[in-house]
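What follows is a set of notes on a single structure, which appears directly below.
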Amino acid sequence: MLLFDSLILSLVQILQILISIYTWIIIISALLSWVNPDPYNPIVQILYKLSAPAYALIHKIPTRIGNIDLAPLIIVLILQFCSILLGNFVGMVL
């Protein structure tokens with residue numbers, strides 16, 4: 001039972017790390033959209049390609065208020081909710 005508990009805890013921690021990394025990808029890509037970077041820069045291309053699926057899901061609902069796009073904020077809130085949910089799941093199971 002101890003091995004199973006540590007395995008579940010390790011998997012949840014890995015998922016929380018991945019959620020944290022993806023949160024930073026969303027934040028950085030949102031900040032990059034303000035400065036209009038070089039679209040041929042490989043780092044910019046990678047960030048946009050990694051964040052595009054989340055934006056595609058969120059843009060199915062209206063997220064604009066005037067000129068402000070709230071999609072990055074909504075994505076970050078959803079990711080943080082998932083991270084907290086995973087942490088609470090571990091607390092209940094273990």
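Just so we're clear, the structure is a prediction, and the values are computed from it rather than from any experiment. Residue numbers count from 1 along this sequence.
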Cluster link L15 to I21, ILVMFWY, side chain under 4.5 Å: yes

Would you be so kind as to tabulate the donor-acceptor pairs closer than 3.5 Å made by side chains of residues 79-94, with sequence neighbours excluded?
none

side-chain contact (heavy atoms from CB on, under 4.5 Å) with S20: which residues, sequence neighbours excluded? W24

Nearest 0.5 Å please: distance from the CG atom of L31 over to the CD1 atom of I26. 11.5 Å

Just how far is it from atom CD1 of I28 to atom CG of L47, taken to the nearest 0.5 Å? 6.0 Å

Applying side-chain contact (heavy atoms from CB on, under 4.5 Å), can you list everything that pairs with S29, at least two apart in sequence or on another chain? Y48, S51, Y55

Tell me, with the steps shown, if V76 and I27 meet side chain to side chain contact (heavy atoms under 4.5 Å, CB included). CA-CA 8 Å; V76 168; I27 291 170; 4.0 Å; yes

Grouping ILVMFWY residues whenever side-chain heavy atoms fall under 4.5 Å, the cluster of I14 otherwise contains L18

CD1-NE2 distance between I74 and H59, expressed to the nearest 0.5 angstrom: 9.0 Å

Check the hydrophobic clustering (I, L, V, M, F, W, Y; side-chain heavy atoms under 4.5 Å; chains of links allowed) and say if L2 and V12 are grouped together. no

So, taking the atom named CD1 in I46 and the one named CG in N41, what distance separates them when rounded to the nearest 0.5 Å? 9.0 Å

Each residue besides L11 in its hydrophobic cluster should be listed here, by chain and number; the cluster joins Ile, Leu, Val, Met, Phe, Trp and Tyr at side-chain heavy-atom distances under 4.5 Å. L7

Apply side chain to side chain donor-acceptor pair (under 3.5 Å) to S33 and list each qualifying residue two or more places apart in sequence or on a separate chain. none

In chain order, what residues pass the side-chain contact (heavy atoms from CB on, under 4.5 Å) check against Q45, with sequence neighbours excluded? Y40

Among residues at least two apart in sequence or on other chains, which ones pass side-chain contact (heavy atoms from CB on, under 4.5 Å) with L57? K60

Show every donor-acceptor pair shorter than 3.5 Å between a side-chain atom in residues 66-73 and any protein atom, with sequence neighbours excluded, or say none if there are none.
unit_1: D69; atom_1: OD1; unit_2: T63; atom_2: OG1; d: 2.8
unit_1: D69; atom_1: OD1; unit_2: A71; atom_2: N; d: 3.3

